[in-house]
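Worksheet: one structure, shown below.
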Amino acid sequence: FPHAAVDMSTFILDRLDHFNVEMLRDHFNNTMIGNLDDEVTNNINFDEDSDEYKLVARYKDRPPSYSTVLRWVGYLGFKRELAKKCYYVDGHEYPEQLKHRAWFTDEYLRVLEFRSHRFVHLTLPEVTDFFDSLEDDNAKEMLDKVKHAFKGDNGEDMFEFHVDKHERLQQIANEKYGAFGGRVSIRKKPEDKPVIIFGQDEAIFNAHLSRTHQWVDPNGRRAIMPKTNGAGVMISGFQSRELGWGIPINEEQLRKINANRANEEYFDKEAAIAVYGTAKKKKLEASPGIVHFRYGSQQDGWWTGNHTILQLEDVIDCVKVTLGTTYDYVFLFDSSSGHAKKRIDGLDVKAMNVKWHSKASGTRTVKIEEAEGYLGPHFDANDPSMVNVGEAQTMDFTSERDLQLGPFWLTDEQREQERHDREVEIPLEKRKERVKQKKELISGLMSTDWGKAEGEINLWKTKHADLLKKAGALGIDTKVTPTTKIEYGWEGKGKGLLQIAYERGWVDKSKYKNYRVMKYDDERILIPELSLQHLLGECSDFQSEKSQLEYVCESLGARVLITTKYHAEYAGEGIEYSWGFAKSLYRRQPLERKKSLQDFLNLVKECISREVLSVDLIRKFSKRARSYMETYKVMEKEAEIKKTDDNSSDDAPIPHKRIEMLKKILKCHRAAIDFDKAFITRAVYSKDFDIKKDLLDKETKPTVTVRVKPEDRKMPAKAKKN
């Protein structure tokens, strides 16, 4: 089962930061074994004497032990090592990331920004005065190239600049336009609304988060540091250039928001029920722009994609009251697994078996378009099992045509024989006692007073091993010897990868037995033409499938953009820099301010407050993220120039030296506090931010050394030399 190895590897990689062997063991017992059982039961290549069938039967009867799963993890190439700081460099320059990066930066810089409040308009005299105030001739030359000329309402000469092109331009824009720090571009299409772009991300603060190094006195003595990370809190936050950190809301606005939400339900009802136990919208006690979440099984639980979706719905409710319908709203999320969760009825190759499922898939019907990427090389318009352009393809055997034709590889006799579920008796010699599965244990526990008090939802969240212990303590049998089994029929069930791919012409009927979920050769190299997940995953509708987050946001009249994988440097409107800044300040606080739980939580709130992460600072961080996007565009342009053997790059808005420097940086970083530590540190100690006044009132003297570059050090006049 090579696809089982892929499934396990994916499961581990998605949880690499908190993975343990017991998690994989639960995943195998509760999910994978059922899928493997479906596969060997419904696959004509596996009879009851085959090694595959016997292996699955064995693990159904006796789930693998901890040590067995640990060996599997080792066979997959994973190993435990001392934890250390590391960077996401894998995949940064993969072709699919380069393609997405080119699209995303184009969409941001050339479409959305013209609708954003990031420009300043100056008259010719104002431009002249501005240029005269600049001492740097290179800055003048660059600004002269990037200005956009147009005629004002009175026919006067006007010039438009992006506020990021010079720090003085942001100051001018603040003075001219007030709160939003700029105006939309003159190049915005008249029919387009102004847009406000929000960035979102999550970060974890631990009570004992401290610097990586500590001072030691001449005798070797050092401060005693806590051995554990201490209490933890996860913060999920939004930021934007217009509003700054979070979503500022006053009491009157909060009352109006709650009045609008009264008796309303969340759009994503399943997410609300999973998190709150009800689809009804909860009353907001404060702005949802910044959420504090005490993670842990004994606290608020674990943050999931459902929490993110509900926070987004809350934020949209708020901005519709505080900002109204004058604007379009765009939300930037990174490509983490929670944000990329497929929509509930969405197209997802990883959720499909090779052949029919044991139940309906719940996947929506899709229309086959007359476009590249829908129909494959084996398509035959005369084959009644195949779907033509303009027709709807169902993902379950439910339509009249599906029920008539059934799976394409079955004979007429087999089709009728395997149409419906049937309970068959297990031969006596093959009956084996096995440990009860999770659903069987929960069924038994729910008949007890303890189970009723806990509730079925909580029981499903409990580990299989813990359920076994509790069932044993309550006198419930934890083992069972099945005498019958269900052989699932195809009618009404999910079609599976093989049938769906065949209906689109991606499967050669004469070789259908050779297809696998993912087919590899003897050297473990993928054979794409025989890999069903690959074939369907490359189809246009599967590739363009929206995540649940995107679908919910679009349904509420807003838009979600998922930023490019492995590109933290420009994610979320520079929110990575906000986390780096806040954590840098937190690390500098004395342990006395972190000892009790309440002190720790108060200090975190202080370090991520709007007083610390000011609007001006958020704009600087957003500017920093944008500069990386510009750099990528220049690098793309350089690559195009090399292809045409044209060495001219005079129009590049970023100095060549900086481009070369960034090319090196971009190959070895992934977290803002690491790749832009110097930038964040400068922000911490900038003249606009008074640490002593704003954060360290309780510390008598900050023990920090600030290094000044030689060129920035002011020398006495008498010491200056020509």
### Query
Are Phe28 and Trp72 close enough that their ring centers fall under 6.0 Å?
yes
Would you mind reporting whether [Y] and [X] have side-chain heavy atoms less than 4.5 Å apart?
| X | Y | answer |
| --- | --- | --- |
| Lys495 | Phe397 | yes |
| Lys79 | Val73 | no |
| Gln533 | Lys350 | yes |

### Message
I'd like to check the side chain to side chain contact (heavy atoms under 4.5 Å, CB included) partners of Val6; sequence neighbours left out, ordered by chain and number.
### Response
Thr10, Tyr520
## Note on the structure
With sequence neighbours left out, the residues meeting side chain to side chain contact (heavy atoms under 4.5 Å, CB included) with His292 are Val233, Ile235, Ile290, Lys605, Ile608
Does atom [atom1] of [X] have more than 12 heavy-atom neighbours from other groups under 6.0 Å away?
| X | atom1 | value |
| --- | --- | --- |
| Arg62 | CZ | no |
| Lys430 | NZ | yes |
| Glu429 | CD | yes |
| Lys281 | NZ | yes |

#### Entry: Test side-chain contact (heavy atoms from CB on, under 4.5 Å) applied to Glu202 and Val291, step by step
CA-CA 9 Å; Glu202 301 98 11; Val291 170; over 6 Å; no
### Query
Who are the salt bridge (Lys or Arg N to Asp or Glu O under 4.0 Å) partners of Glu538, not counting sequence neighbours?
none
### Task
Mind running side chain to side chain donor-acceptor pair (under 3.5 Å) on Thr398 and Asp396 for me, showing each step along the way?
CA-CA 5 Å; Thr398 52; Asp396 298 338; 5.5 Å; no
### Message
With a 4.0 Å cut-off on N to O distance, would you call Arg415 and Asp412 a salt bridge?
### Response
yes
Could you list the donor-acceptor pairs under 3.5 angstrom formed between side-chain atoms of residues 449-456 and any protein atom two or more places apart in sequence or on another chain?
{"from": "Glu456", "atom 1": "OE2", "to": "Trp460", "atom 2": "NE1", "distance (Å)": "3.4"}

### Query
Applying side chain to side chain donor-acceptor pair (under 3.5 Å), which residue pairs with at least one partner in residues 467-487 are found, sequence neighbours left out?
Tyr53-Lys485, Arg422-Glu487, Glu423-Thr484
#### Entry: Main-chain N/O of Phe408 paired with Gln499 side-chain donor or acceptor, under 3.5 Å
yes
### Query
Among all residues two or more places apart in sequence or in another chain, which pass the ring pair (Phe, Tyr, Trp, His ring centres under 6.0 Å) test with Phe542?
none
